[in-house]
Enquirer: 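Take this structure first; my questions come after.
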Number of protein chains: 2
Amino acid sequence: MSDLFAPLDDHPAYRQIANQIEQRIVERTLRTGDALPSETDLARQFGVNRSTIREAIRELEVHGLLGRGRGEKRLRVTRPEPRRVSSGVSRALALHDVTFLELWEAMMAIEPAAAQYAAARRTPAQLLGLTRASTRFKSDITDTAGAVAAVVDFFTAVAAASGNQVLALSQAPLNLLLVPTLTQLIDRVPQARARIQAAQSKIIGAIKQKKSEQARTWMEKHIRDFKRGYELEVPA
Amino acid sequence: MSDLFAPLDDHPAYRQIANQIEQRIVERTLRTGDALPSETDLARQFGVNRSTIREAIRELEVHGLLGRGRGEKRLRVTRPEPRRVSSGVSRALALHDVTFLELWEAMMAIEPAAAQYAAARRTPAQLLGLTRASTRFKSDITDTAGAVAAVVDFFTAVAAASGNQVLALSQAPLNLLLVPTLTQLIDRVPQARARIQAAQSKIIGAIKQKKSEQARTWMEKHIRDFKRGYELEVPA
DNA sequence: ATGGCAGAATTGTCGGACAGTCAGATTATC
DNA sequence: GATAATCTGACTGTCCGACAATTCTGCCAT
């Protein structure tokens with residue numbers, strides 16, 4: 001069954017260093033907002049060359065554990081933002097040739113749940129974000145790209161209003177995957193805009209009135225509608 | 001409202017290079033399995049120093065777009081594996097101090113859906129994977145860590161059997177988050193083992209017989225049970 | 001084909017270097 | 001005294017050159 005010997009993988013120095021720093025961050029020895037020591041200093045501490053430190057830092061930077069504000073020189077410990085992390089997942093999924101059906105099933109699982117909790121917990125500010133995205137969709141009559149972006153923002157706003165970071169982070173990668181399909185949909189299915197607009201209104205209404213079950217139901221219908229539109233459009 | 005000028009962010013060379021290579025990969029100019037040119041060669045092509053190339057490469061390596069097999073020297077284009085990508089998401093969530101309730105709600109959204117599709121589409125091999133994880137859970141009577149790992153594997157196996165990569169990739173990050181809670185649960189709630197075991201049997205049975213709705217329902221009950229156990233244990 | 005081997009190629013790491021820039025201290029100006 | 005201009009030091013981004021260890025490759029013998 002299991003092998004007698006495990007393949008020994010020697011971790012290069014830059015990886016070990018990255019792991020060590022990451023651990024300090026995860027265990028909060030280095031706290032969010034703290035400035036990282038300078039590269040030269042780190043090189044001294046770890047007893048390696050600065051080039052090696054830089055390679056290690058690149059890893060953490062990609063993970064979103066380190067970052068720097070606009071025009072800031074020193075690196076600081078940051079909390080990985082959903083967008084940053086989820087873009088990696090999106091790309092991964094894109095490379096795996098995800099089908100629309102797969103995406104749709106995942107949306108069916110996540111978005112209604114998000115809507116339901118959003119109705120239960122949304123703050124006024126979050127509600128405002130929702131209506132704003134919806135308004136933007138209505139006004140983007142000619143610009144397809146703008147309309148698509150507005151739809152994505154709507155979903156994002158719902159997820160944010162759910163007050164659930166896990167759901168929000170699970171939802172985020174779906175957005176990017178949705179873009180290509182949605183673009184075609186809006187472009188080629190005439191009634192798509194009206195239907196989306198109507199659905200968003202219903203959903204917002206339910207969330208506004210804190211009717212969880214209604215919010216979930218409307219969102220389900222909304223997502224189902226996507227599939228219908230897709231099937232309408234694809235055979236053509 | 002909006003500023004007249006946008007802050008110009010100069011992308012350092014290593015980032016631009018990373019982006020260019022990434023684009024070649026995403027658009028499939030560089031195809032999965034292809035070997036990347038040597039660092040020296042890349043340095044020549046981009047007209048930069050090898051150190052700069054190396055920093056760029058580190059980024060792509062972290063993203064899982066580049067990798068090398070055991071004992072291989074040259075880097076090859078790889079497809080980002082779910083485990084690799086999801087670990088980043090998990091860490092991000094951990095740093096955001098996710099509550100058990102958040103995790104639980106996400107599980108409630110994703111796992112039943114995965115079970116449902118697994119019942120519809122599982123292959124014999126996937127079914128075997130499920131039973132194997134379940135068996136391992138039964139046999140790990142004393143070892144808590146082993147039992148926890150078996151539970152995680154069970155969820156992973158269900159997600160894999162769903163035949164939906166998006167769901168699988170959405171589910172993966174939940175596993176790591178589940179570990180700490182689950183460990184306590186199994187350790188401190190006496191009846192936990194028996195209940196988990198029973199639930200897994202029911203779920204496997206439903207998936208085996210391709211009864212989607214049943215699979216979903218049993219999974220829902222299973223997840224609900226976690227919350228009950230958690231609430232039982234936490235006030236203590 | 002298979003196995004073994006020398007040489008070429010490649011990676012990991014190192015040391016040092018330099019221009020550009022950001023932050024803080026210092027000085028000049030109103 | 002408050003503000004603006006200037007200086008200084010530290011730090012990052014990038015480059016060059018170098019070397020040991022390991023992998024890859026083509027060639028030879030079996």
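Not measured: the values here are computed from a predicted model. The sequence lines fix the lettering, A, B, ..., with proteins before strands; numbering per chain opens at 1.
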Enquirer: How far does CZ of Phe154(A) sit from OG1 of Thr135(A), to the nearest 0.5 angstrom?
Expert: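 Atom-to-atom, Phe154(A):CZ and Thr135(A):OG1 are 10.5 Å apart.
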Enquirer: For the side chain of Arg76(B) and the backbone of Thr32(B), is there at least one donor-acceptor N/O pair under 3.5 Å apart?
Expert: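 No: the side chain of Arg76(B) does not pair with the backbone of Thr32(B).
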Enquirer: Establish, with yes or no, whether the OP1 or OP2 oxygen of dC24(D) is under 4.0 angstrom from a side-chain nitrogen or oxygen of Arg68(B).
Expert: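 Answer is no, no contact under 4.0 Å.
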Enquirer: For the helix from dA1(C)-dT30(D) to dC30(C)-dG1(D), what angle lies between the axis at the first five pairs and the axis at the last five pairs, to 10 degrees?
Expert: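 If I round to tens, the end axes sit 20° apart.
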Enquirer: At under 4.0 Å, does any side-chain N or O of Tyr14(A) touch on OP1 or OP2 of dT13(C)?
Expert: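 Tyr14(A) to dT13(C) OP1/OP2: no side-chain N or O under 4.0 Å.
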Enquirer: Distance check needed: dT11(C) C1' versus Glu61(B) CD, whole Å only.
Expert: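 Nearest whole value for this atom pair: 11 Å.
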Enquirer: Between Leu130(B) and Ala157(B), what is the shortest heavy-atom contact and its length?
Expert: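 That closest heavy-atom pairing would be CD2-CB, 3.7 Å.
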Enquirer: Need to verify one output field. Residue with the more 5' nearest nucleotide on DNA chain D, Glu72(B) or Leu75(A)?
Expert: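 Nearest nucleotide further toward 5': that of Leu75(A).
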Enquirer: Under a 3.5 Å threshold, yes or no: a donor from one side chain and an acceptor from the other, between Gln23(B) and Asn19(B)?
Expert: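 Result is no, nothing qualifies.
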Enquirer: Please round to the nearest 0.5 Å and tell me the distance separating atom CD of Gln171(A) and atom CG of Asn164(A).
Expert: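 The distance works out to 11.5 Å.
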Enquirer: In whole angstrom, give the distance that lies between atom CZ of Arg76(B) and atom C1' of dT11(C).
Expert: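 From Arg76(B) CZ to dT11(C) C1': 16 Å.
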Enquirer: When you compare the protein's N or O atoms with those of nucleotides 15-17 of chain D, which come within less than 3.5 Å of each other, and at what distance?
Expert:
{"unit_1": "dC15(D)", "atom_1": "OP2", "unit_2": "Asn49(B)", "atom_2": "N", "d": "2.8"}
{"unit_1": "dC15(D)", "atom_1": "OP2", "unit_2": "Thr52(B)", "atom_2": "OG1", "d": "2.7"}

Enquirer: Donor-acceptor check, side chain of Gln16(B) to backbone of His11(B), threshold 3.5 angstrom: yes or no?
Expert: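 A pair under 3.5 Å: yes.
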Enquirer: Just verifying a value: how many Å separate Glu22(B) CD and Leu95(A) CG, rounded to the nearest 0.5 Å?
Expert: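 Separation between the atoms: 8.5 Å.
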Enquirer: Verify the distance criterion only: is there a donor paired with an acceptor across the side chains of Ser51(A) and Asn49(A) at less than 3.5 Å?
Expert: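 Judged by distance alone, the side chains do pair up.
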Enquirer: Evaluate Arg58(B) against Glu55(B) for salt bridge (charged side-chain N to carboxylate O under 4.0 Å, His left out), listing each step before the verdict.
Expert: CA-CA 5 Å; Arg58(B) 286 296 90 74; Glu55(B) 293 189 37; over 6 Å; no
Enquirer: Between Gln165(B) and Glu102(A), what is the shortest heavy-atom contact and its length?
Expert: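 That closest heavy-atom pairing would be N-OE2, 2.7 Å.
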Enquirer: Tell me: CG of Leu66(B) to C1' of dT11(C), nearest whole Å?
Expert: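 Interatomic distance, CG of Leu66(B) to C1' of dT11(C): 14 Å.
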Enquirer: If you restrict it to nitrogen or oxygen atoms, what contacts under 3.5 Å exist between nucleotides 3-10 of chain C and the protein, and what is each distance?
Expert:
{"unit_1": "dT10(C)", "atom_1": "O2", "unit_2": "Lys73(B)", "atom_2": "NZ", "d": "3.3"}

Enquirer: Please report the closest heavy-atom contact between Pro80(B) and Val85(B), naming both atoms and the distance.
Expert: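 For Pro80(B) versus Val85(B), the nearest heavy atoms are CB-CG2, 3.8 Å.
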Enquirer: Within the pair Arg54(A) and dG13(D), is there a side-chain N or O less than 4.0 Å away from OP1 or OP2?
Expert: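 For dG13(D), OP1 or OP2 has a side-chain N or O of Arg54(A) closer than 4.0 Å.
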